[in-house]
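Below is one structure, written out as structure tokens; the observations come after it.
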Amino acid sequence: MFGSQVEFKVSGEKAFFPGNCSKEETEMISKPIPTYEALRGIVENSYWKPTITWLIDAVCVMNPIQMERRNELQVNKYTGSCKSVQYTYLRDVCYLVKAHFEWNMARPDMAGDRNVKKHQEIAVRSIKKGGRREIFLGKENCQGYVEPCNFDEEKAKSAYKDIPMLAFEEMFHHVSYKNKGDSDVILRHYWQPIMCNGIILFQKPEEYVVKEKFERKSHNKIS
């Protein structure tokens with residue numbers, strides 16, 4: 001939709017964008033770049049309503065990718081047992097983000113609220129105020145800060161502006177669900193990010209490759 005795009009800068013002292021880590025592992029390493037779901041969570045915490053669905057268009061990595069290890073005590077909230085876990089965080093991060101919203105077609109009851117100008121203006125005001133809810137960079141102890149930016153002007157300051165192409169390992173992108181009789185089919189989508197002059201472009205979520213499928217039994221329906 002024309003006019004539904006927002007641009008913002010998000011930064012923080014540290015970030016942790018998890019991969020496919022097991023809860024039993026004693027070493028957790030962040031992905032080197034933000035995941036799609038983490039970026040979408042940031043813009044949703046800035047402004048969200050059931051009328052709209054946010055999509056991430058692009059991210060620009062501004063600061064050099066630096067890692068830092070920290071040992072943390074992890075407590076099992078069910079058993080009370082503790083274990084030491086080594087986390088490898090990203091340090092001193094800053095990203096420019098382009099995002100836009102589309103209408104949530106699963107909520108036809110919100111059709112009367114589909115006003116592009118209204119939602120875009122509210123989103124911009126919310127970003128100027130630092131978001132409506134707390135901003136996290138992938139993990140609850142990674143506080144993030146959002147502010148408006150001019151993506152096309154500020155991208156020239158990226159630490160990677162002179163690197164034509166940098167490919168990263170395959171990453172998890174998102175989960176989608178399909179109904180199949182009495183079961184929900186859970187689809188895990190993956191992609192291989194490629195950064196060009198500091199910028200990573202995203203496609204629409206449905207265009208990414210499905211690598212894993214599994215079924216989950218739905219609750220019995222009441223007739």
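We number each residue from 1, following the sequence as shown. Just so you know, these numbers come straight off a predicted model, no measurement behind them.
Contact record, Pro193 with Ile200: CB-CG2, 4.4 Å, taken as the closest heavy-atom pair. Among all heavy-atom pairs drawn from Asp57 and Ala99, the shortest one is OD2-C, 3.5 Å. Across Leu201 and Ala58, no two heavy atoms sit closer than the pair CD2-CB, 3.7 Å. Nearest heavy-atom pair across Gln120 and Gly3 is CG-O, 2.9 Å. For the residue pair Asp152 and Lys98, the shortest heavy atom distance occurs at OD1-NZ, 3.5 Å. Here the closest non-hydrogen pair linking Trp54 and Ser4 is CZ3-O, 4.2 Å.
Side-chain contact annotation: Glu102 with His100, donor-acceptor N/O pair under 3.5 Å present. A donor-acceptor contact closer than 3.5 angstrom links the side chains of Asn141 and Tyr89. Side-chain atoms of Glu134 and Asn45 form no donor-acceptor pair, as typed in the model, at a separation below 3.5 Å.
Proximity of Tyr190 to Met171: side-chain heavy atoms (C-beta onward) are nowhere separated by under 4.5 Å. For the pair Leu39 and Val59, the minimum side-chain heavy-atom distance is below 4.5 Å. Side chains of Ile163 and Asn197 form no contact here, defined as non-hydrogen atoms less than 4.5 Å apart. At least one side-chain heavy atom of His119 sits less than 4.5 Å from a side-chain heavy atom of Tyr47. Side-chain atoms of Ile194 and Leu166, non-hydrogen and from C-beta on, never get closer than 4.5 Å to each other.
Under the 4.5 Å side-chain heavy-atom criterion for grouping Ile, Leu, Val, Met, Phe, Trp and Tyr, Trp103 is not connected to Met110 through any hydrophobic cluster. Hydrophobic clustering, with ILVMFWY side chains joined whenever heavy atoms are under 4.5 angstrom apart, keeps Leu90 apart from Tyr145. Residue Ile122 is grouped with residue Ile135 when hydrophobic side chains (ILVMFWY) are merged at heavy-atom distances under 4.5 angstrom, including chains of intermediate members. Under the 4.5 Å side-chain heavy-atom criterion for grouping Ile, Leu, Val, Met, Phe, Trp and Tyr, Val93 is not connected to Phe136 through any hydrophobic cluster.
Note: Glu68 CD to Lys14 NZ = 8.0 Å, rounded to the nearest 0.5 Å. Atoms SG and CG, from Cys94 and Leu137 in turn, are 10.0 Å apart once rounded to the nearest 0.5 Å. Once rounded to the nearest 0.5 Å, the distance linking SG of Cys149 with CD1 of Ile127 reads 8.5 Å. Interatomic distance, His189 NE2 to Glu37 CD, rounded to the nearest 0.5 Å: 10.0 Å. Expressed to the nearest 0.5 Å, how far CZ of Arg107 lies from NZ of Lys49 amounts to 10.5 Å. Rounding to the nearest 0.5 Å gives a distance of 9.5 Å between NZ of Lys161 and CE of Met62.
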Would you please test Phe151 and Cys60 for side chain to side chain contact (heavy atoms under 4.5 Å, CB included) and show each step?
CA-CA 8 Å; Phe151 190 100; Cys60 181; 3.8 Å; yes

Between Glu147 and Phe8, does a side chain to side chain contact (heavy atoms under 4.5 Å, CB included) hold up when you go through it step by step?
CA-CA 6 Å; Glu147 58 184 293; Phe8 61 90; over 6 Å; no

Go through it in stages, so that I can follow the logic: the residues are Val6 and Val124, the test is side chain to side chain contact (heavy atoms under 4.5 Å, CB included), and I'd like the CA-CA distance, side-chain angles, deciding distance and then a yes or no.
CA-CA 7 Å; Val6 296; Val124 169; 4.2 Å; yes

Let's go through Gln86 and Met28 carefully: what are the C-alpha distance in whole Å and the side-chain angles of both, what is the deciding distance for side chain to side chain contact (heavy atoms under 4.5 Å, CB included) to 0.1 Å, and is it a yes or a no?
CA-CA 6 Å; Gln86 187 178 78; Met28 312 285 270; over 6 Å; no

Run the salt bridge (Lys or Arg N to Asp or Glu O under 4.0 Å) check on Lys118 and Asp113 step by step: do they pass?
CA-CA 9 Å; Lys118 181 187 82 169; Asp113 190 39; 2.3 Å; yes

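Side-chain N or O atoms of Asn63 include one that pairs as donor or acceptor with a backbone N or O of Asp92 at under 3.5 Å. Under a 3.5 Å cut-off, the side chain of Gln192 and the backbone N or O of Phe168 do form a donor-acceptor pair. Remark: the backbone N or O of Ile52 is not paired with any side-chain donor or acceptor of Asn104 at under 3.5 angstrom. Distance alone, capped at 3.5 Å, places no donor-acceptor pair between the Thr88 side chain and the Ser30 backbone. Not a single donor-acceptor pair under 3.5 Å links the side chain of Glu27 to the backbone N or O of Tyr87.
The distance between the ring centers of His173 and Tyr36 falls below 6.0 angstrom. Aromatic rings from Phe202 and Trp191 are positioned such that their centres are separated by under 6.0 Å.
The pair Glu154-Lys9 meets the salt-bridge criterion, with a side-chain N (NZ, NE, NH1 or NH2) lying under 4.0 Å from an Asp/Glu carboxylate O. Ion pair Lys155/Glu153 not flagged as a salt bridge, since none of the NZ, NE, NH1 or NH2 atoms sits closer than 4.0 Å to an Asp/Glu carboxylate oxygen.
Every residue was checked against the side chain to side chain donor-acceptor pair (under 3.5 Å) condition with Tyr95, not counting sequence neighbours, and none meets it. In terms of the side chain to side chain donor-acceptor pair (under 3.5 Å) criterion, Ser84 has no residue partners (sequence neighbours excluded).
Cation-pi geometry between Lys139 and Phe17 is not met: the NZ or CZ atom fails to fall both under 6.0 Å from the ring centre and inside 45° of the normal.
Enclosure of atom NZ in Lys157 is not indicated, since only 12 or fewer non-hydrogen atoms of other residues, nucleotides or ligands lie within 6.0 angstrom. Within a 6.0 Å sphere centred on CD of Glu44, other residues, nucleotides and ligands contribute more than 12 heavy atoms. Within a 6.0 Å radius of NZ in Lys128, no more than 12 heavy atoms belonging to other residues, nucleotides or ligands are found.
With Phe101 as the fixed residue, the side chain to side chain contact (heavy atoms under 4.5 Å, CB included) test singles out one of Thr51, Leu55, Val116: Val116.
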